[in-house]
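Heads up: the structure comes next, in structure tokens.
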Number of protein chains: 2
Amino acid sequence: MRLLCPHTEAIWTRLARVEQALLTRIEADVKAAGFPPIVWYDVLISLANAPGGRARPLDLERTMLLPQYATSRLVDRLEQAGLVERQTCPTDGRGQFIAITPEGRKLQKKMWPTCAAAIERHLGSKLSVDERIQLRGLLEKLLS
Amino acid sequence: MRLLCPHTEAIWTRLARVEQALLTRIEADVKAAGFPPIVWYDVLISLANAPGGRARPLDLERTMLLPQYATSRLVDRLEQAGLVERQTCPTDGRGQFIAITPEGRKLQKKMWPTCAAAIERHLGSKLSVDERIQLRGLLEKLLS
DNA sequence: GACAATTACATGTAATTGCATCTAACAATA
DNA sequence: TATTGTTAGATGCAATTACATGTAATTGTC
């Protein structure tokens, strides 16, 4: 009984494997350089690029597609490490801002070359420019 | 300083998000139908398709790209649930076979329509046939 | 065949995640 | 302004994952 297009099935299994493999390999490179997990970098770069160097937890959640509690605890750890700081939100007493600290910016800048090299090595170098453009487009379509 | 092709960077961020989002959504559908996590299904289908309905843990690891300890504990849980069974390996005293049980096969068959529908809904329906073929090829290239 | 090195798998412990639920602050309605 | 509903975020607890290490079997070397 064929309930599922074979291409779809192949995509589904490969997608999980590819993401898993890339994450493992890239993370290994980053850790080998003595840096924290790459998800920390994701948060830092998000904040660094946000206006005022800060964002609402809810925005982080939506950008990173993390569940609410995961964001809350990720921020805990970053705060613990002095890389971000929780600020009260003047316009909404329930909310807050997560602001990147100077040390946070410093770490983000320091991590960038290592992260970029790892991503290039394990991902970029495997595809031609045309393929990269194609893949990018297809992934964007899947996100919508 | 541009250390990284912008397409590569976009692929990297999207890939993680897409996989995360799809897994969450598909898993939610499967759980809503009262089934265990989809990774259980992955193991069961692997074993069901393997000769003799069994495979070495090492093979599972390589197929699913899981770390060794994850496989070991995943098998623990499946065994606990009576879906697989550990058998000693006659040719290698260190190793073992993980064999799917009749209940395991039954569950695998029962899960299939739900899994297929979820994957089709959240993944297949988002892309045309040509796009699926393209994406499949690109992902395969990344796995090598 | 003794011995070091490797391989297959398990497991203790600490960190992280998932789920459900909680609290505090808004918002809407009466 | 009391009441009810909703939203932003935190948190207790159980399940899972990561890391390091352990154990037993096997292989290679002499």
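All chains are named by letter (A, B, ...) in the order of the sequence lines, taking the proteins before the strands, and each is independently numbered beginning at 1.
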CD1 on B:Ile11 to CD1 on A:Ile119, rounded to 0.5 Å: 11.0 Å
Check the pair A:Arg56, A:Gln96 against side-chain hydrogen bond (donor to acceptor under 3.5 Å, both in side chains), reporting the backbone distance first and the verdict last. CA-CA 6 Å; A:Arg56 299 285 295 266; A:Gln96 58 185 214; over 6 Å; no
Please state how far atom CG in B:Leu66 lies from atom P in D:dT16, giving the value in whole angstrom units. 14 Å
Does a side-chain N or O from B:Ser72 land closer than 4.0 Å to OP1 or OP2 of C:dA10, or not? yes
Which comes earlier along DNA chain D counting from the 5' end, the contact point of A:Asp59 or that of B:Pro37, where each point is its nearest nucleotide? A:Asp59
Heavy-atom donor-acceptor pair, A:Arg94 side-chain to D:dT7 base, under 3.5 Å: yes
Assert: residue with more 5' nearest nucleotide on DNA chain C, out of A:Thr91 and A:Trp40, is A:Trp40
For C:dG18 and A:Arg73 - does any side-chain N or O of the residue sit under 4.0 Å from the phosphate oxygens OP1/OP2? no
Nearest heavy atom decides the nucleotide; on that basis, is A:Pro90 or B:Asp76 closer to the 5' end of DNA chain C? B:Asp76
Would you mind reading off the distance between A:Arg56 atom CZ and D:dA10 atom C1', rounded to a whole angstrom? 15 Å
Taking atom P of C:dT16 as reference, at what distance in whole Å does atom CD of B:Gln20 sit? 17 Å
Whole angstrom value for the distance that separates C1' of D:dA18 from CG of B:Leu74: 15 Å
What distance do B:Glu103 atom CD and B:Glu85 atom CD have between them, rounded to the nearest 0.5 Å? 9.0 Å
Tell me: CD of A:Glu61 to P of D:dG9, nearest whole Å? 7 Å
Which of D:dT17, D:dT11, D:dG9 is nearest the side chain of B:Tyr69? It is D:dT17
Between A:Gln87 (CD) and D:dA8 (C1'), how many Å, whole number? 17 Å
Hey, what do you get for CZ (A:Arg105) to CD1 (A:Ile45), rounding to the nearest 0.5 Å? 10.0 Å
How long is the line joining CD of A:Glu79 and C1' of D:dT11, in whole Å? 15 Å
Please tell me if B:Lys31 has a side-chain N or O lying less than 4.0 Å from either OP1 or OP2 of C:dC19. yes
Distance-only donor-acceptor test, A:Gln68 side-chain atoms vs D:dA10 base atoms, 3.5 Å: yes
Could you walk me through whether B:His122 and B:Arg25 pass the side-chain hydrogen bond (donor to acceptor under 3.5 Å, both in side chains) test, one step at a time? CA-CA 7 Å; B:His122 297 292; B:Arg25 291 171 196 168; 5.2 Å; no
Between D:dT17 atom C1' and B:Met64 atom CE, what is the distance in whole Å? 14 Å
Looking for any heavy atom pair under 4.0 Å, which part of the strands does A:Asp92 touch: base, sugar-phosphate only, or nothing? sugar-phosphate
